[in-house]
Amino acid sequence: MRVLVTGGAGYIGSVVAAQLLESGHDVSVLDDLSTGHREAVPEGCRFVEGGIRERAADVLAGHGIEAVLHFAARSVVPESMARPERYWDGNVGCTLALLEAMRTNGVARIVFSSTAAVYGEPESAEIGEDAPVRPGNPYGATKAAIDTALTEFARMHGIGAASLRYFNVAGAYAGLGERHDPETHLIPIVLQVALGRRESVAVYGEDYPTADGTCVRDYIHVADLAEAHLLALDACRPGEHRVYNLGNGTGFSVRQVVDVCREVTGRPVPAVAADRRPGDPAVLVASSERARRELGWTPRRPELRRIVADAWDFHTGGDSAGRPAG
Ligand code: UFG
């Protein structure tokens, strides 16, 4: 299939672009490089530098695109709280422009990067897709708004859409890993400490109602997450908008993550207790039953140790993260 990957120079978009190529798809990447890296775009992709509003229609028409995988977005929660207008414009506004470009060019399939942040502070331990959507920050609110728009576009314009709600994505694949600046995510920060690039990791809150008092999250390997995108792409049906939560269904506390990083790296990782970070729910664990049942998705790299090891290989320039999917 001829596909467009928006945000294909970013962490998750580049991994999905790599897997699409491996599966024989013709891949175009559109990215404005505001947070992505040109060298992360896998060789074999057609690369167009630019914004969605400026370039999406041309790319869709010029390359006979049949489906879009839409990753390009702003995704830093604290920034979204300080500057919500950037998120409404950059996420919702740009996605509406993309959907309009798709409509005018007869592109009727889209797989969208949604997030567990749409659920806010959940009521139950394992979050299914029917859990109430009540985001606790503008980032989650913009993703929830796009999910709603996709439902309406499927109903009114007959597109086939899938929203994939990611839990905590980590690890690396084929030499492609996480490189945010500034970095806010736990595993890369802990690995920076192991590398001696930071003195310590701050543990944000030790008084949560969890076994060791620190927040619990569901970590999913980026390669497993990417595989779900290819399955969702195949499953898109005209007039349907499907929603899937993607996680392993197992929670690890911040303290447990730090311990696994110490084991994998064999290096000391000083951890310092700090205040809670505003907006952090105590526990976020996915129920991915629907993705397993309807898409036939099975995460093949569920062990946290493997996830951290692949991230460590990426950060240390090792090559085992480049091993073929398996
Ligand atoms: N944490 C620390 N110290 C750090 C960084 C993080 O203790 O230096 C803690 C956080 O407080 C949290 C856990 O580690 O409890 C994981 O934090 P991350 O920032 O790695 O990830 P989040 O769970 O906050 O965020 C992820 C995605 C968001 C998405 C959210 C859904 O990165 O995009 O899940 O809730 F919105």
Side-chain angles (χ1 to χ4, degrees), residues 7 10-13 35 71-81 84 87 90-91 112-122 126-127 131 133-147 163-171 177-180 182-194 197-222 225 245-248 251-261 269-286 304 307-308 311:
Y11 171 43
I12 301 170
T35 54
F71 298 89
R74 292 181 175 271
S75 64
V76 180
V77 171
E79 183 194 37
S80 81
M81 292 167 84
Y87 280 68
N91 292 354
F112 171 62
S113 300
S114 189
T115 172
V118 301
Y119 298 114
E121 186 79 50
E126 276 206 356
I127 307 168
V133 169
R134 39 177 189 222
N137 54 62
Y139 166 66
T142 61
K143 292 284 183 170
I146 297 165
D147 285 347
S163 289
L164 304 183
R165 292 183 176 157
Y166 309 159
F167 282 64
N168 287 64
V169 189
E178 205 168 355
R179 270 192 292 162
H180 299 113
E183 188 55 75
T184 61
H185 293 122
L186 180 63
I187 289 176
I189 285 178
V190 175
L191 297 181
Q192 287 175 359
V193 177
R197 297 201 187 130
R198 288 176 190 250
E199 277 186 12
S200 60
V201 55
V203 177
Y204 295 143
E206 295 189 308
D207 57 350
Y208 285 95
T210 59
D212 66 11
T214 65
C215 288
V216 169
R217 294 288 182 273
D218 182 344
Y219 294 88
I220 175 83
H221 197 295
V222 67
L225 185 92
N245 288 351
L246 299 179
N248 277 311
F252 291 92
S253 73
V254 173
R255 286 279 177 198
Q256 287 176 314
V257 170
V258 173
D259 282 342
V260 169
C261 291
V269 175
V272 178
D275 289 344
R276 287 185 179 198
R277 191 171 67 175
D280 275 346
V283 180
L284 279 178
V285 177
L304 184 58
I307 295 172
V308 169

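In this chain, numbering begins with 1 at the start of the sequence shown. First listed ligand is number 1; within each ligand, the first listed atom is number 1.
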Legend entry - Six-ring centre of Y208, R276 cation under 6.0 angstrom, axis tolerance 45°: yes

Inset, instruction - Would you check if there is a donor-acceptor pair between the side chains of Y87 and E79 at a distance under 3.5 Å? - result: yes

Inset, instruction - Run the salt-bridge test on R134 and E121 with the 4.0 Å N-O cut-off and return the result as yes or no. - result: no

Could you list each nitrogen or oxygen of ligand 1 that sits under 3.5 Å from a protein nitrogen or oxygen, with the atom names and the distance?
from, atom 1, to, atom 2, distance (Å)
ligand 1, 3 (N), A202, O, 2.7
ligand 1, 7 (O), A202, O, 3.3
ligand 1, 7 (O), Y204, N, 2.9
ligand 1, 11 (O), D280, OD2, 2.5
ligand 1, 17 (O), R277, NH2, 3.4
ligand 1, 19 (O), T184, O, 3.3
ligand 1, 19 (O), R277, NH1, 3.3
ligand 1, 19 (O), R277, NH2, 3.0
ligand 1, 20 (O), L186, N, 2.8
ligand 1, 21 (O), N168, ND2, 3.0
ligand 1, 23 (O), N168, ND2, 2.9
ligand 1, 23 (O), R217, NE, 2.7
ligand 1, 24 (O), R277, NH2, 2.7
ligand 1, 32 (O), H185, NE2, 2.7

Legend entry - No-hydrogen, no-angle side-chain donor-acceptor test under 3.5 Å, S113 and Y166: yes

Legend entry - Sequence-distant partners of N245, side-chain hydrogen bond (donor to acceptor under 3.5 Å, both in side chains), two or more places apart: Y119

Legend entry - Neighbour count >12 (heavy atoms, 6.0 Å) for atom CZ, R197: no

